[in-house]
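Contents: one structure, followed by commentary.
So that the names make sense, note that chain A is the first sequence line, chain B the second, and so on, each numbered from 1.
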Protein chains: 2
Amino acid sequence: MSRIREHNRELIIQAASEIFADQGYAATKIIEIANRAGLPKPNVYYYFKSKENLYRSVIESVIDPLLQAAQPFYEDDDPATVLEQYIIAKIKVSQQHPHASKVFASEIMHGAPHLPEDIADKMMEQTIQSSNKIQSWVDRGLMDRVDPHHLLFTIWAATQTYADFDWQISRVTGKDKLSQSDYDTAAQQLTQLILKGCGVQTSKAAKAG
Amino acid sequence: MSRIREHNRELIIQAASEIFADQGYAATKIIEIANRAGLPKPNVYYYFKSKENLYRSVIESVIDPLLQAAQPFYEDDDPATVLEQYIIAKIKVSQQHPHASKVFASEIMHGAPHLPEDIADKMMEQTIQSSNKIQSWVDRGLMDRVDPHHLLFTIWAATQTYADFDWQISRVTGKDKLSQSDYDTAAQQLTQLILKGCGVQTSKAAKAG
DNA sequence: CCACATCTTAACTCCGCGGTCAAAAACAGG
DNA sequence: CCTGTTTTTGACCGCGGAGTTAAGATGTGG
């Protein structure tokens, strides 16, 4: 509908992502979000009926990128290619949606009390697909006999950490913010670690679309 | 002093760990902690002056185990031994202090606003030591040319994840709670991944105390 | 049994924040 | 410029939770 509506909703969601990520749901005050968005508080309630509602919108804003990241599992069957592309995509989400990413992680950490059931189901479905695929690689002798679940947990954790624990990472690296090349290094090194660590056969053969 | 005091403080810290881990600092109500501890609310204020104070006590309760986990770096110089022991110790912390672990992670995620400066410094110091040691292994050709920081981030993330994202892990594995052997598998597989992935030379020679 | 410290309890205050409202302003279309 | 709709705004309400208080109970040492 109205251009104003769309614009202000975006402003608010952006501000909300940052503050929810920074402080967590309960500690976040609507008025802070309003201030950061440059709008009076009742506007937030005008565009989003409640705090809960706004929060859900923030979460939903990162769902699509997250689901998209698993695409490599559906587009290819070569373990080296899929795992590399998956890791790159996951790190890219951490890099490009750091706030929403953090909000999502926090949500999961607390038992996903606000995550709509259908989204949780969709992610679960993806997980099953992915671990089946990994299992099939193991069965075909294309990689070591790893447990697919644990492998996924490690990949999730290692890629998410660049968004979730940015404070720690800043402190350790001494940089206020990681540069593009830092993210590239992270992705490259993690890929190397996973591929080599799982004994993945790097046959460039099976590169089917 | 009083045995009662000591006992009740422990009760409260235990209850507080669980609730803070579950809900986060801001969402936690003192009365819930009191209820779980089986005490009236003012008792919590009697033993701990404030919510903030109690929260800090919870955090401090996990600092020691966390710092201890880095011992392997000081006790040995063989990369395979150190990394394996480190990973085992880290996962053990996640397993044995799941609540406090989660509270700590949440604290770091939000920029460590309550973490005493001296503790942050101590952890930073450990990190420097650890990454120096890894760098020395690289320099001596005992492992691939990995970036020590990124390697540490991956290890931290992958081990912490078993405490922080227990909900997700439960859902994926279909188990309400991981068994001892699940943790063992996790540690074993992660060790394998890291050692092989970093091309660590498994010479059982350098096992000096 | 007394005196003193420790601990428990119910009732209370205070204030900050989620959420509301009604009126004013800005906008849109004819 | 008039009319209806969308958006903005400041003032307001009510609740719930952090923290307090002061009196009572229980413990402890002589």
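A donor-acceptor pair shorter than 3.5 Å cannot be found between the side chains of A/Q188 and A/Q192. Residues B/H114 and B/E107 bring no donor and acceptor atom of their side chains to less than 3.5 Å of each other. Between the side chains of A/Q23 and A/E32, at least one donor N or O lies within less than 3.5 Å of an accepting N or O. Side-chain atoms of B/E125 and B/Q129 form a donor-acceptor pair, as typed in the model, at a separation below 3.5 Å.
OP1 or OP2 of D/dT6 has not a single side-chain nitrogen or oxygen of A/R5 nearer than 4.0 Å. Under 4.0 angstrom from either OP1 or OP2 of C/dT8 there lies at least one side-chain N or O belonging to B/N8.
Here C/dG19 presents its C1' atom at 14 Å from CG of A/N43, a figure rounded to the nearest Å. Atom CD1 of B/I12 and atom P of C/dC7 are 11 Å apart (whole Å).
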Evaluate the side chain to side chain donor-acceptor pair (under 3.5 Å) criterion for residues A/E18 and A/Q14: first the C-alpha distance (whole Å), next the side-chain angles of each, then the deciding distance (0.1 Å), finally the verdict.
CA-CA 7 Å; A/E18 295 172 19; A/Q14 180 54 34; 2.9 Å; yes

Before you tell me yes or no, could you show the steps for A/S179 and A/D182 under side chain to side chain donor-acceptor pair (under 3.5 Å), namely the whole-Å CA-CA distance, both residues' side-chain angles and the distance that decides it to 0.1 Å?
CA-CA 5 Å; A/S179 66; A/D182 290 320; 3.0 Å; yes

Please lay out, stage by stage, how B/E117 and B/D121 fare under the test side chain to side chain contact (heavy atoms under 4.5 Å, CB included).
CA-CA 6 Å; B/E117 197 54 40; B/D121 289 346; 3.5 Å; yes

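Few gaps surround CG on A/D139; more than 12 heavy atoms of other groups in view lie less than 6.0 Å from it.
Residues from residues 44-57 of chain B with heavy atoms under 4.0 angstrom of DNA chain D, sorted by number: B/Y45, B/S50, B/K51. The stretch residues 17-38 of chain B comes close to DNA chain D through B/T28, B/K29, B/I30, each having a heavy atom under 4.0 Å from the strand.
Residues B/F104 and B/H97 keep their aromatic ring centres 6.0 Å or farther apart. Aromatic pair B/Y25/B/H110: ring centres not closer than 6.0 Å. Between B/H150 and A/Y162, the distance separating the two ring centers is shorter than 6.0 angstrom.
Residues satisfying the side-chain hydrogen bond (donor to acceptor under 3.5 Å, both in side chains) test with A/N53, not counting sequence neighbours, are none.
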Contact list (N/O, under 3.5 angstrom) for nucleotides 23-30 of chain D vs protein:
none

For nucleotides 10-13 of chain C, tabulate all protein N/O to nucleotide N/O atom pairs closer than 3.5 Å, reporting atom names and distance.
none

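Cation-pi contact between B/R171 and B/F165: absent, since separation from the ring centre below 6.0 Å together with deviation from the ring axis within 45° is not met. Cation-pi geometry between A/R5 and A/Y47 is not met: the NZ or CZ atom fails to fall both under 6.0 Å from the ring centre and inside 45° of the normal.
Using five terminal pairs a side, the axes of the helix from C/dC1-D/dG30 to C/dG30-D/dC1 at its two ends make an angle of 30°, given in steps of 10 degrees.
Here the closest non-hydrogen pair linking B/K102 and B/D166 is NZ-OD1, 3.0 Å.
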